[in-house]
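Counting convention: from 1, in listed order, for ligands and their atoms alike.
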Amino acid sequence: MPEGDSLHRIAGRLRVLVGERLEAESPNGRVTAVASAVDGRVLQAVDAVGKNLLLRFDGDVVLRSHLRMNGRWRVRRHTDPGWRGSPWLVLRGREWEATQWNGPVLALGDGAVRGLGPDLLAPETIPADVVSRLRRIDESRLVGDALVDQRIVAGIGNMWLAETLWHARVSPWSQLADVDDEALESALSWAQQAMRAAVAGVRPARAVYRRAGRGCRRCGEPVRSRGLGDANRTAYWCPRCQPSAGSAEREGFEPSTSGLPPVTP
Ligand SMILES: [Zn+2]
């Protein structure tokens with residue numbers, strides 16, 4: 001799933017259309033009403049908010065795009081070879097054309113993003129403020145669950161979560177109560193800097209994400225993976241560099257002595 005940094009990159013590409021009155025159509029007919037609502041309007045801004053893109057048109061019309069797993073945007077010049085297939089939405093300017101593929105969320109209005117926490121990549125977002133938000137929720141929640149809760153801070157997905165916690169030496173299985181402010185702030189600062197660099201096209205080598213069973217890049221201990229939280233997202237961590245301070249790890253994972261990867265119940 002694209003995370004916050006990918007959405008900011010896509011927003012940057014779509015901004016070639018800002019300032020133009022656009023033609024809109026829905027070739028596959030899935031979002032005809034949305035297309036007619038923005039057809040003929042001037043695109044005024046494109047914002048990435050967490051994992052959402054907000055295309056703001058004149059007349060206070062806002063088009064929200066959420067890509068989930070398979071959605072994508074393409075931007076090309078009219079002179080480039082044409083697309084094949086049936087995109088959900090085409091936005092056509094004088095020189096550029098944006099096509100949206102596979103939806104799955106193209107909706108009018110920004111109501112759905114009002115409940116989101118601050119976007120970690122927004123210039124005004126300060127990690128210490130996010131720590132304050134974390135301190136206001138149930139402190140028994142696991143760090144690996146709280147940091148991907150988009151209502152608390154928007155933009156971090158599973159990949160950045162795993163990398164961030166490894167760099168900060170914090171276990172995803174620690175409860176918020178067992179991690180001090182300094183560690184949380186340093187984790188969020190690392191995430192913010194690394195994701196901003198990724199927007200600019202620089203991605204660090206992955207330390208733990210999808211590296212289960214391979215050696216930790218710091219200590220050589222095999223990286224572990226296991227489902228975590230209500231959504232059962234797969235957490236990746238080094239048990240030596242990221243020891244859990246609380247009881248959650250004992251509940252959440254049984255040390256494997258067989259050499260086999262842990263089994264998700
Ligand atoms: Zn390690």
Side-chain angles (χ1 to χ4, degrees), residues 1-6 120-121 127-128 130-131 134-135 137 139-150 152-153 155-265:
M1 182 185 284
E3 300 187 28
D5 57 312
S6 304
L120 188 61
L121 289 173
V130 178
V131 174
L134 288 164
R135 290 305 179 209
I137 64 171
E139 64 176 10
S140 72
R141 282 184 66 182
L142 303 184
V143 175
D145 181 43
L147 290 186
V148 290
D149 185 337
Q150 305 295 304
I152 297 164
V153 56
I156 300 176
N158 215 26
M159 190 273 287
W160 284 115
L161 173 76
E163 297 298 300
T164 293
L165 294 181
W166 181 82
H167 279 274
R169 297 176 184 254
V170 171
S171 168
W173 299 99
S174 289
Q175 295 180 331
L176 284 172
D178 293 321
V179 182
D180 63 25
D181 286 3
E182 196 180 344
L184 288 174
E185 189 176 337
S186 121
L188 288 159
S189 298
W190 185 89
Q192 191 176 53
Q193 285 168 24
M195 290 172 75
R196 281 180 179 157
V199 173
V202 182
R203 277 184 176 252
R206 283 176 187 173
V208 287
Y209 182 69
R210 292 195 174 159
R211 293 192 71 246
R214 297 168 68 184
C216 168
R217 294 193 192 280
R218 230 171 359 221
C219 73
E221 185 83 6
V223 171
R224 286 188 184 276
S225 70
R226 189 184 170 88
L228 182 153
D230 293 341
N232 209 37
R233 295 184 185 86
T234 304
Y236 297 87
W237 77 102
C238 168
R240 188 182 293 171
C241 295
Q242 300 165 264
S244 169
S247 58
E249 186 178 14
R250 286 194 292 278
E251 293 162 16
F253 113 96
E254 301 77 39
S256 165
T257 51
S258 65
L260 295 170
V263 177
T264 303

Checklist line | Summary of salt bridge (Lys or Arg N to Asp or Glu O under 4.0 Å) pairs that have at least one residue in residues 191-205, sequence neighbours excluded | finding: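 Of all non-adjacent pairs touching residues 191-205, those that pass salt bridge (Lys or Arg N to Asp or Glu O under 4.0 Å) are D5-R203.
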Check: Which protein atoms of type N, O or S are found under 2.8 Å from the Zn ion (ligand 1)?
Finding: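 The answer, once waters are left aside, is C216 SG, C219 SG, C238 SG, C241 SG.
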Note to self: Using modelled atom types and a 3.5 Å cut-off, is there a donor and acceptor pairing between side-chain atoms of Q242 and backbone atoms of P172?
What the structure shows: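 Judged by distance alone, no pair lies under 3.5 Å.
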Margin query: Keeping E163 on the side-chain end and N158 on the backbone end, is there a donor-acceptor pair under 3.5 Å?
Written below: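 It does not hold such a pair.
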Next item on the list: Kindly write out the residues that satisfy side-chain hydrogen bond (donor to acceptor under 3.5 Å, both in side chains) with S140, not counting sequence neighbours, or none if the list is empty.
Entry: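 side-chain hydrogen bond (donor to acceptor under 3.5 Å, both in side chains) check on S140 returns D138.
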Give the table of side-chain donor-acceptor pairs shorter than 3.5 Å for residues 184-195, with sequence neighbours excluded, one pair per line with atom names and distance.
residue, atom, partner, partner atom, Å
S189, OG, E185, O, 2.9
Q192, NE2, L120, O, 2.9
Q192, NE2, T125, O, 2.8

Item checked: Flag side-chain contact, heavy atom, 4.5 Å: C241 against E221 ->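 When only atoms from C-beta onward are counted, E221 and C241 do not touch, as no gap falls below 4.5 Å.
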